[in-house]
Amino acid sequence: MGKLLKWTAAFFLMITLAVGTLLWWFDANFYKEQIARLVEEKTGRRLTIQGDLSLTLFPNLGIRIGQMSLANGAGFATEPFAQLTTAHLQVALQPLLKRHLQVQTLTIEGLQLHLEKNAAGQYNWHDLSHTSPTAGNRQSSAGQSEAGTTSPAATSSSSFITRSAIEELQIRDARIAWRDASRQSSQTVLIPILATGQWQAEQPLPIQLQLRLEADDQTINGLELDLKGALLWQGQERTARMTPLRFTLSKPLKEAAAGTIRLESHMNLLVDWQQERLLIDNWQMNGQGLSLSGRLEGKQLFSAPMFSGLLTLHPFSPRQVLPQWGLLLPATRDPQVFDKLEAHLPYTWQDKRLTLSDLRFMLDDSSGKGSLQLELAAQPVVRWQGELDKLNLDRYQLAASETPPQQKATASHVPPSGQAEAGKQSQPSKPAWQSVDGSGTLRIGTLQAAGLQLQEVNLTLQAAHGRLQLAPVQAKLYQGTLQMEGGADWRATEPQWRLDGRLAGVELGTLLQDLQGEASLSGLTNASARLTTQGTESALLKKHLQGEAQVTIKEGRMQGFDLEQILQNAQRSLQGEPASQAEGGPATRFSSLSGSATIHNGQVENRDLHMLSPLLQLRGAGKVDLPAERLDYHLYVTPNKALSEQGRTWRELAGVTIPVQAVGPWRQPTWKVDLKTLLEQEAAQKAKEKLADKLQDKASEALKKKGLDHLLPGDAGKRLLNLLPIR
């Protein structure tokens with residue numbers, strides 16, 4: 001037994017010495033040129049091996065390769081297509097004796113790939129996917145005899161390895177660069193590590209990947225991914241599973257409060273090649289104040305891909321979270337808005353069409369539901385239908401700026417004359433929505449906008465080729481109804497606007513109170529208007545306003561002036577008496593008021609204002625300058641007999657038309673009575689009365705001589721005066 005052990009030890013010592021002597025004398029660098037020549041024959045590209053080649057025996061047979069590079073294709077950049085710092089390949093010796101190539105470890109460090117697309121649309125790796133004609137002919141001639149039979153050497157060489165596998169793979173400090181000359185864009189993927197664990201049949205394969213993206217596009221530049229998971233490949237079913245798959249995304253942002261956005265996610269992943277199916281379930285993503293979850297299922301992946309699933313956005317505060325993403329919300333009139341947002345989005349994607357069915361969401365105290373369909377084409381198509389229980393738009397209005405924009409500009413911000421001229425010549429970019437074909441309906445239970453309260457709002461919006469159309473809009477407001485159609489045309493240099501609206505049975509006083517904080521006019525109102533204008537600023541909109549309007553108001557009241565008091569004070573002034581003050585705020589009541597107006601270039605003209613009240617009648621005509629916000633209006637007031645029966649001091653003016661003028665700013669005009677015209681009318685009236693008395697006396701004398709004076713009526717003089725052409 002002792003001799004056997006001695007002979008065994010001596011045998012292994014002899015083998016070790018023989019292998020050691022072989023490695024001592026064997027120099028793998030001798031084959032550099034042969035390897036480079038073979039690669040060039042196969043690919044048509046030059047392989048340069050700057051580093052050393054060396055063999056290793058223990059603990060496994062292997063080869064170590066130093067720095068090397070593969071040249072780029074013709075017509076592309078001069079930098080190498082691929083290069084690496086070192087590569088180390090270790091194979092198991094025992095499986096190799098059975099013609100099984102089992103790579104135990106493959107380690108690659110410093111790999112760099114330069115992928116390109118030139119201006120002609122050609123890729124710098126396309127030629128590597130095809131065998132060169134020279135190499136192909138050489139293989140054919142070497143592998144076949146003149147009789148067309150395959151040589152034994154070729155057969156032996158090609159069938160030596162019957163099975164191959166890699167147990168562990170490690171790629172460190174890799175860099176993959178992509179350049180598109182046709183689009184003048186470039187991206188680079190840095191891979192600090194890509195590693196796999198040990199490959200075992202029917203066992204999960206651990207995978208670790210870290211990468212960083214550098215790109216011209218700042219939205220993705222600096223994006224980092226750290227992925228970990230275990231891959232289970234089932235060959236018979238042709239399925240791959242990763243349960244769970246965990247990854248971390250991070251993105252530095254200069255504008256973000258946190259500096260870097262970091263999201264952590266995990267999911268279960270299944271890819272079924274046989275059934276053409278993809279499944280992602282139990283997906284969750286958290287970070288930077290956001291929490292999302294959902295699932296995705298893909299079918300017919302290789303024939304007609306279709307994806308469906310559910311995305312849930314859990315409640316969060318946009319006001320607090322978005323600054324972490326570098327997005328600052330503007331200051332709003334109500335600082336408490338954008339405090340809560342959540343959404344439930346079932347989706348389907350097929351044939352470039354995204355469908356969101358039965359979506360539900362909540363923003364602050366408004367909740368809604370609906371559906372949306374987006375079709376991505378040369379001209380995107382959007383269709384939607386939505387419902388909101390309530391919406392207060394006034395809360396979301398921008399807060400008033402402390403300093404008007406025109407006062408913020410300083411001389412240092414004035415561009416040079418050349419830049420100013422260039423700015424004048426350049427046309428402003430068109431809004432992105434002009435290329436969208438969209439239409440949809442929206443129903444709102446309660447809507448507040450510009451202080452107005454509307455209920456049961458229904459609107460239909462259509463957008464196509466730079467045109468917007470609201471048709472129709474229906475709502476209930478202030479005991480009445482609103483019907484409106486409108487539109488905007490953005491194809492011209494200045495947007496064109498159109499509005500056609502009708503009010504029926506609306507309580508005007510409450511409406512104006514909510515709209516502007518004061519009710520200068522009240523009453524049950526019917527009104528209609530057809531208006532057009534152009535521009536984007538308020539001044540231009542007023543300047544270019546065109547159209548016509550009609551209004552009728554029943555049982556109303558005009559605040560700010562009392563016509564009865566104005567007339568009474570005018571009469572007191574004529575009589576040399578002091579003016580009196582009415583109790584309470586000045587107001588004029590009326591039973592009906594109607595009128596129409598034409599509008600041309602912001603100038604509103606009315607000629608048929610008519611108002612009736614129990615005590616007086618009123619006619620009016622005048623103009624309103626909308627850009628200047630001034631008016632010049634004339635009212636003609638005629639007191640009724642009922643006014644004189646109430647014991648007024650100016651009962652003698654009953655039936656006399658009194659002119660009243662309103663001039664100045666439309667919010668606080670100056671009201672005054674035209675005393676000159678009033679005096680002329682009063683003098684003319686007294687002259688008529690004297691003339692009527694004289695006619696009465698003359699007629700009485702003439703009839704008395706004939707004994708017929710008893711037949712003369714008491715108002716004969718006035719009747720005769722009316723027959724005469726005297727005014």
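Being a predicted model, the structure only gives us computed values, none of them experimental. Just so you know, residue 1 is the first one in the sequence shown, and it goes up from there.
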Visitor: Is it the case that atom CZ in R241 sees more than 12 heavy atoms from other parts of the structure closer than 6.0 Å?
Guide: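 No, the 6.0 Å shell around CZ holds no more than 12 heavy atoms from other groups.
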Visitor: Evaluate side-chain hydrogen bond (donor to acceptor under 3.5 Å, both in side chains) for T239 paired with D272, printing each intermediate quantity in order.
Guide: CA-CA 4 Å; T239 61; D272 189 334; 6.0 Å; no
Visitor: Testing the 3.5 Å rule here: is there a donor-acceptor pair between the side chains of T105 and H88?
Guide: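 Result is no, nothing qualifies.
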Visitor: Measure across T536 and P495 and return the closest heavy-atom pair with its distance rounded to 0.1 Å.
Guide: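 Residues T536 and P495, closest heavy atoms: CG2-CG, 3.6 Å.
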Visitor: Over 60° means perpendicular and under 30° means parallel, so classify the ring planes of W273 and W233, tilted if in between.
Guide: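 W233 vs W273 ring planes: perpendicular.
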Visitor: Report the C-alpha distance between Q496 and Q534 in whole Å, list the side-chain angles of each, state the deciding distance to 0.1 Å, and finish with yes or no for side-chain hydrogen bond (donor to acceptor under 3.5 Å, both in side chains).
Guide: CA-CA 4 Å; Q496 310 289 317; Q534 65 183 43; 3.3 Å; yes
Visitor: Taking the ring centre of each residue, are F338 and Y396 less than 6.0 Å apart?
Guide: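 Yes; Y396 has its ring centre under 6.0 Å from that of F338.
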Visitor: Indicate the atoms forming the closest heavy-atom contact of Q187 with A215, along with that distance.
Guide: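 What the structure gives for the nearest pair is CG-CB, 3.5 Å.
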Visitor: Restricting to non-hydrogen atoms, name the atom on A464 and the atom on D437 that form the minimum distance, rounded to 0.1 Å.
Guide: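 What the structure gives for the nearest pair is CB-OD1, 4.0 Å.
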Visitor: Could you tell me the separation between the CD atom of E342 and the OG atom of S291, rounded to the nearest 0.5 Å?
Guide: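 So the gap between those two atoms works out to 11.5 Å.
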Visitor: Taking NZ, NE, NH1 and NH2 as the nitrogens, is one of them in R277 or E297 under 4.0 Å from a carboxylate oxygen of the other?
Guide: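 A salt bridge is present here (some side-chain N lies under 4.0 Å from a carboxylate O).
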Visitor: Is there side-chain contact between N458 and V473, with at least one heavy-atom pair below 4.5 Å?
Guide: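 The answer is no, as the side chains (C-beta and beyond) never meet within the 4.5 Å cut-off.
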Visitor: If you compare all heavy atoms of P330 against all heavy atoms of R319, which two are closest, and at what distance to 0.1 Å?
Guide: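 Taking every non-hydrogen atom into account, O-NH1, 3.2 Å.
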Visitor: In terms of side-chain heavy atoms, does S185 have a donor or acceptor partner in D180 at a distance below 3.5 Å?
Guide: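 Checked: S185/D180 side chains show no N/O donor-acceptor pair below 3.5 Å.
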Visitor: Assess, by modelled atom type and distance only, whether the side chains of R172 and Q170 contain a donor and an acceptor separated by less than 3.5 Å.
Guide: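 Note: R172 and Q170 side chains meet the donor-acceptor criterion.
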Visitor: Could you give the distance from CG (L345) to CG (L310), rounded to the nearest 0.5 Å?
Guide: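 Rounded to the nearest 0.5 Å, the CG-CG separation comes to 7.5 Å.
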Visitor: What pair of heavy atoms forms the shortest contact from L225 to F247, and how long is it?
Guide: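 Shortest heavy-atom contact: CD1-CB, 3.7 Å.
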Visitor: Please lay out, stage by stage, how R491 and D489 fare under the test salt bridge (charged side-chain N to carboxylate O under 4.0 Å, His left out).
Guide: CA-CA 6 Å; R491 296 173 298 177; D489 190 342; 2.7 Å; yes
Visitor: Check whether any side-chain heavy atom of Q112 lies under 4.5 Å from a side-chain heavy atom of L84, and answer yes or no.
Guide: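 Sidechains of L84 and Q112: no contact.
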Visitor: Check whether any side-chain heavy atom of R395 sits under 4.5 Å from a side-chain heavy atom of R333, and report yes or no.
Guide: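 They are not in side-chain contact.
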Visitor: Using 4.0 Å as the upper bound for N to carboxylate O, is an ion pair formed by R498 and D500?
Guide: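 So D500 does not pair with R498 through a salt bridge.
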Visitor: Starting from the C-alpha separation in whole Å, work towards a yes-or-no answer on salt bridge (charged side-chain N to carboxylate O under 4.0 Å, His left out) for R179 and E79.
Guide: CA-CA 12 Å; R179 183 186 300 114; E79 59 188 352; 3.3 Å; yes
Visitor: Could you tell me whether the side chain of I444 reaches within less than 4.5 Å of the side chain of K390, counting heavy atoms only?
Guide: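 A side-chain contact is absent here, since even the closest heavy-atom pair is not under 4.5 Å.
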Visitor: I need the L292 CG to L313 CG distance, nearest 0.5 Å.
Guide: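 Atom-to-atom, L292:CG and L313:CG are 5.0 Å apart.
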Visitor: Between L531 and L545, is there a side-chain heavy-atom distance shorter than 4.5 Å?
Guide: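 They are in contact (side-chain heavy atoms under 4.5 Å apart), so the answer is yes.
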Visitor: Hey, are E456 and R443 close enough for a salt bridge, meaning a charged N less than 4.0 Å from a carboxylate O?
Guide: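 Between R443 and E456 there is no salt bridge, as every charged N stays at least 4.0 Å from the carboxylate O atoms.
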Visitor: Looking at H114 and P80, would you say the former's side chain and the latter's main chain have a donor-acceptor pair under 3.5 Å?
Guide: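 Such a contact is found between H114 side chain and P80 backbone.
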Visitor: Please find the pair of heavy atoms, one from E494 and one from G535, that lie closest to each other, and give the distance.
Guide: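 In this case the closest contact between E494 and G535 is OE1-CA, 3.2 Å.
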Visitor: Do L442 and L461 touch side chain to side chain, with heavy atoms closer than 4.5 Å?
Guide: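 Heavy-atom side-chain distance check fails, nothing below 4.5 Å.
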Visitor: For K543, does the NZ atom have more than 12 heavy-atom neighbours from other residues, nucleotides or ligands under 6.0 Å away?
Guide: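 It does not: K543 NZ has 12 such atoms or fewer within range.
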Visitor: How long is the gap from NZ on K340 to OG on S366, to the nearest 0.5 Å?
Guide: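 Taking NZ in K340 and OG in S366, the distance rounds to 11.5 Å.
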Visitor: Using side-chain heavy atoms (C-beta onward) and a distance below 4.5 Å, is F76 in contact with K117?
Guide: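 Sidechains of K117 and F76: no contact.
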Visitor: Going by heavy atoms in the side chains, are S439 and R383 under 4.5 Å from each other?
Guide: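 Result yes, sub-4.5 Å side-chain heavy-atom pair found.
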Visitor: Pair D514, Q448 - check side-chain hydrogen bond (donor to acceptor under 3.5 Å, both in side chains), show working.
Guide: CA-CA 10 Å; D514 289 347; Q448 178 174 327; over 6 Å; no
Visitor: Give the intermediate values and the outcome of side-chain hydrogen bond (donor to acceptor under 3.5 Å, both in side chains) for residues Q324 and Q288.
Guide: CA-CA 7 Å; Q324 302 179 33; Q288 304 301 129; 3.3 Å; yes
Visitor: Determine yes or no for a side-chain-to-main-chain donor-acceptor pair under 3.5 angstrom, with D389 supplying the side chain and S367 the backbone.
Guide: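 Yes; judged by distance alone, with no hydrogens or angles, the pair exists.
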Visitor: Hey, could you give me the CG/OG1 distance between L452 and T510, rounded to the nearest 0.5 Å?
Guide: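 With rounding to 0.5 Å, CG (L452) is 11.0 Å from OG1 (T510).
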Visitor: Examine the side chains of T188 and W178 and answer whether a donor and an acceptor come within less than 3.5 Å of each other.
Guide: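 Note: T188 and W178 side chains miss the donor-acceptor criterion.
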Visitor: Classify the side-chain pair N118/Y123 by whether it contains a donor and acceptor separated by less than 3.5 Å.
Guide: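 Short answer, no.
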Visitor: Can you tell me how far apart CD (E214) and CG (L223) are? Round to the nearest 0.5 Å.
Guide: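 So the gap between those two atoms works out to 11.5 Å.
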Visitor: Would you say Q350 has more than 12 foreign heavy atoms packed within less than 6.0 Å of its CD?
Guide: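 Correct, the count exceeds 12.
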